[in-house]
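Ligands are counted one by one from 1 in listed order, and the atoms in each one are counted from 1 as well.
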Amino acid sequence: MAASMLNVFRSQFINSTNKLTLVTNVKRSKTVGRCLFTYLKGSSKVSSNATLLAGNIFKLSGKHGGLRLPSLLPASSNLFPISCYSTEAATNSTEDDYHSIIKDNEKGKGQSNKMEFQAETRKLLDIVARSLYSEKEVFIRELVSNASDALEKLRYLQMQNESGIVSSESGDVGKKPTSLEIHIAVDDSKKTFTIQDTGIGMTKDEIIENLGIIAKSGSKAFIQEVEGKGGHVDKNIIGQFGVGFYSSFMVADKVEVFTKSYKPNEPAYKWQSDGLGTYELSEAENVQQGTKIVMHLKGDAYDFAKEDVVKGIIKKYSNFVGVPIFLNGHKVNVIQALWTMEPRDVTAQMHEDFYRFISNTFDQPRFYLHYKTDAPLNIRALFYVPEYKPTLFDMSRDTEVSLSLYSRKVMIMSKASNILPRWLRFIKGVVDSEDIPLNLSRELLQDSALIRKLRWVLTNRLIKFFLEQAKKDKTKYLQFYKDYGLFFREGIVTTTEQDQREEIARLLRFESSKLAPGELTNLDEYASRMKAGTRNIYYLSAPSRHLAETSPYMESLAQKDVEVLFLYENYDELVLMNLGQYDKKHLKSIENDAAEEATGTAAADAADATTAADGKVKESLSAEQCDDMIGWMQAVLGHRVNKVKTTKRLVTHPCIITVNEMGAARHFLRTALADRSEEEKFKVLQPTLEVNSSHQLIVSLHKLKSNDPDLARMVTEQLFDNAMIAAGLLDDPRKMLGRLNDLMTRALNK
Ligand SMILES: Nc1ncnc2c1ncn2[C@@H]1O[C@H](COP(=O)(O)OP(=O)(O)OP(=O)(O)O)[C@@H](O)[C@H]1O
């Protein structure tokens with residue numbers, strides 16, 4: 001038995017049970033029996049059986065027909081069922097396969113008046129047709145938007161009428177509600193593109209006003225009029241500039257418009273133009289209420305008479321327009337514009353389906369943000385963070401974004417890369433702002449103040465959202481941070497405004513010397529533990545917790561008893577260096593702190609060293625011996641050191657290297673200096689070797705330099721290399737293996 005298609009105009013869930021009312025094109029008397037529904041779930045179609053209970057009420061078989069319908073279909077939903085096939089009524093009906101209102105019997109009647117476009121309109125027409133839009137295909141978006149506007153206006157008037165508000169001059173709109181539809185028909189043999197709506201239509205004066213004068217928006221005037229009377233139109237009306245209609249002349253050399261106003265007793269009209277300077281206007285017959293536009297395509301636009309091409313364009317730009325769009329009799333737009341709904345009406349399941357649809361993936365969103373605001377800009381946005389871990393490909397800054405920009409449900413741009421900064425490229429979703437004009441070109445999008453403002457608002461909102469998530473569910477946030485935290489670091493480095501950089505920095509997490517291994521903290525928590533009067537947030541870059549804790553730099557800070565954040569990734573050090581400060585506190589590497597404080601004299605260090613650290617008296621070099629030792633070491637190390645000096649801050653370590661801006665030096669060594677000679681590297685690094693004059697090794701070395709100067713030289717060089725390793729400045733430790741072997745041989749021979 002052949003299945004026949006039923007058009008589902010509206011669906012409503014009854015009492016949260018698995019019963020559903022569907023307003024279809026099935027006549028009540030017809031026995032429908034069992035039906036097969038097809039729904040869009042994510043980007044895939046799902047089918048389920050249903051039985052007609054009474055009238056238009058269907059019962060879905062199985063537990064909610066296997067579709068989890070309560071979540072798919074809120075009471076206001078009218079779009080999710082995309083088709084409904086009757087498997088038993090098929091024999092009764094063939095007309096159900098197809099639904100179209102487009103007929104070919106409209107014609108002009110009576111005298112036709114030739115009229116001129118207004119002078120400015122002639123000039124502007126040329127600009128619109130040639131250069132306002134970067135792609136020709138957008139004429140479909142413009143005409144669908146106009147049709148949708150005409151339907152929205154009618155819907156508004158019908159609603160007013162139902163509640164008795166409508167004035168008598170507005171006509172009889174409430175008596176028999178028209179079904180609000182847009183129909184498109186393409187004819188490849190005649191090379192025509194036709195669009196018809198069941199909307200408000202136009203009177204003679206309105207045609208002359210709206211189609212005879214460019215940049216005159218009847219839609220804008222409609223909103224102003226309603227608002228002037230204290231009314232309020234839903235934000236669904238798209239047109240505001242009065243240029244969209246003329247985009248039809250980009251692709252057509254003849255455009256015919258048949259229109260009949262909703263107002264009673266208004267005649268129908270035919271408007272026709274080649275877009276070159278004049279148009280003809282006459283009365284017309286056989287015209288249904290609404291507007292029908294027939295476009296005779298130009299030779300280079302014949303593609304727009306092909307069903308597949310047009311279907312792709314409708315899905316691309318107008319998939320979320322809130323009325324059904326039929327193409328050659330079949331409904332093509334299927335998805336509800338979730339972002340325009342109230343967040344509380346959108347269920348997790350709906351988010352999941354929508355996320356899959358827009359991102360073309362099969363995972364789930366780990367977070368979603370439904371953002372609605374009217375100030376400082378009108379924004380309706382849905383953002384999703386994927387469940388999957390980003391791949392190397394996702395990390396690339398050239399990755400295409402999955403974020404689309406809409407204005408009143410009509411797509412302006414898919415893959416809109418300027419709406420969020422690059423570092424937020426992992427966010428998938430939709431941004432809709434009625435403040436953005438439909439004809440915004442790619443160039444404008446690059447540097448318009450409006451887009452900059454939108455980006456700023458959205459970025460701040462997303463940062464705030466991540467901070468909220470961190471508070472709400474720490475474990476979930478930490479997993480997200482592990483997977484996506486690299487993007488935050490990029491955000492700090494690539495953002496120019498310090499305020500925003502510091503906001504992003506609030507998202508960072510580190511281990512700390514004051515907390516147990518594995519426990520992470522953030523900069524705010526660190527600040528809350530700072531002693532009164534202190535202004536530095538200290539950090540240390542080290543490959544692991546053990547190396548951080550046993551680092552000579554940690555030891556050099558021990559007497560100060562400060563908390564140190566441990567940074568295990570090289571780039572974290574660069575990020576904090578780049579950030580410079582956080583909430584008026586300096587971000588400081590303890591290695592740099594050591595370099596700045598390394599100013600004591602040999603004599604003072606030597607004197608103190610005898611009673612240092614644990615209070616025990618230790619054998620230590622005298623001031624004189626220190627001077628002698630330093631001079632000698634300096635001679636041995638030659639160009640490798642800028643300076644050798646004593647320090648009193650070390651206890652267990654014999655020596656330490658300090659350089660200016662250690663983190664930057666390490667980075668420089670791995671990048672710009674990578675291919676340079678050793679001499680050049682030392683010239684740039686200018687290391688200072690600080691020696692612990694009470695360390696046993698140094699005390700013994702002092703003796704050794706007189707007894708066995710050769711061995712003492714080897715030990716000095718090894719001590720220097722060891723300190724360089726501890727500082728992360730020795731790029732290739734293999735160089736010292738020969739010396740180590742010699743030293744071991746000597747030790748064994750003793
Ligand atoms: N299908 C239609 N039904 C009724 N009126 C229409 C239709 N198409 C256009 N109009 C009228 O013509 C006017 C001009 O249309 P046009 O597309 O040029 O501009 P707009 O839609 O107002 O603004 P925009 O430039 O933002 O699209 C509309 O504002 C509307 O009043």
Side-chain angles (χ1 to χ4, degrees), residues 101-102 106 117-118 120-121 124-125 127-129 132-133 138-157 173 178 180-184 193-226 233 235-250 255-263 266 268-271 273 275 279 281 287-295 317-318 321 323 325 406-412 433-441:
I101 58 165
I102 298 186
E106 298 89 349
F117 285 116
Q118 277 207 342
E120 310 78 56
T121 301
L124 280 169
L125 250 174
I127 298 175
V128 173
L132 186 63
Y133 298 95
V138 298
F139 86 91
I140 296 179
R141 177 188 76 183
E142 296 296 332
L143 296 185
V144 168
S145 303
N146 282 352
S148 157
D149 279 358
L151 294 167
E152 285 300 334
K153 290 174 201 168
L154 188 67
R155 194 201 305 268
Y156 173 79
L157 293 170
V173 287
T178 323
L180 308 175
E181 295 167 24
I182 299 174
H183 287 256
I184 293 174
F193 175 101
T194 303
I195 176 165
Q196 182 166 350
D197 62 67
T198 56
I200 195 171
M202 281 180 274
T203 61
K204 184 177 179 184
D205 288 348
E206 284 165 350
I207 299 173
I208 297 171
E209 278 269 292
N210 296 331
L211 305 188
I213 309 173
I214 205 165
K216 174 93 192 177
S217 170
S219 295
K220 197 172 185 173
F222 179 86
I223 297 172
Q224 283 165 351
E225 191 189 321
V226 169
V233 204
K235 300 278 180 195
N236 284 334
I237 292 180
I238 303 158
Q240 44 186 328
F241 298 99
V243 292
F245 170 74
Y246 300 94
S247 63
S248 52
F249 291 106
M250 293 194 295
V255 175
E256 295 167 296
V257 179
F258 297 95
T259 185
K260 182 164 168 34
S261 169
Y262 72 96
K263 290 180 181 164
E266 277 289 335
Y269 289 94
K270 177 184 178 189
W271 179 99
S273 176
Y279 62 88
L281 188 60
V287 181
Q288 302 169 54
Q289 183 194 307
T291 302
K292 173 179 180 179
I293 302 173
V294 183
M295 301 172 52
Y317 293 106
S318 309
V321 166
V323 282
I325 304 175
Y406 283 77
S407 180
R408 296 162 207 244
K409 296 192 225 170
V410 178
M411 198 186 76
I412 294 176
S433 173
E434 63 185 46
D435 292 320
I436 294 175
L438 268 190
N439 46 18
L440 186 87
S441 67

Option nearest atom 5 (N) of ligand 1 (shortest heavy-atom distance, choices Glu206, Glu209, Met202) =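 Checking each option, the heavy atom nearest atom 5 (N) of ligand 1 is found in Met202.
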
note = Closest to atom 17 (O) of ligand 1 (heavy atoms only, candidates Thr291, Asn146, Val257) is Asn146

ask   = Tell me, do Phe245 and Asn210 make a side-chain contact under 4.5 Å, heavy atoms counted?
value =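 No, side chains not in contact.
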
query = Less than 4.5 Å apart, any side-chain heavy atom of Lys292 and any of Thr194?
reply = yes

query = So is Lys153 in contact with ligand 1, going by heavy-atom distances below 4.0 Å?
reply = yes

message = Closer than 4.0 Å to some heavy atom of Asp197 - which atoms of ligand 1 meet that?
response = 1 (N), 2 (C)

request  = Using a strict cut-off of 4.0 Å, indicate which atoms of ligand 1 neighbour a heavy atom of Glu142.
outcome  =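 Within the 4.0 Å cut-off of Glu142, ligand 1 contributes 27 (O).
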
query = Sequence neighbours excluded, which residues qualify as side-chain contact (heavy atoms from CB on, under 4.5 Å) partners of Lys260?
reply =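 Applying side-chain contact (heavy atoms from CB on, under 4.5 Å) to Lys260 gives Ala268, Val287.
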
task = Determine, stepwise, if the pair Val323 / Arg155 fulfils side-chain contact (heavy atoms from CB on, under 4.5 Å).
result = CA-CA 11 Å; Val323 282; Arg155 194 201 305 268; 3.8 Å; yes

query = Phe117 vs Tyr279 aromatic rings, parallel, tilted or perpendicular, using cut-offs 30° and 60°?
reply = tilted

inquiry  = Evaluate Asn210 for polar contact with ligand 1, using N/O atom pairs at a separation under 3.5 Å.
reply    =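 Between Asn210 and ligand 1 (N or O atoms, distance only) the closest approach is under 3.5 Å.
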
request  = Give yes or no for whether the N/O distance cutoff of 3.5 Å, strictly under, is met between Ile293 and ligand 1.
outcome  = no

request  = Look up atom CG in Asp197 and atom CG in Leu143, then write down how far apart they are to the nearest 0.5 Å.
outcome  = 10.0 Å

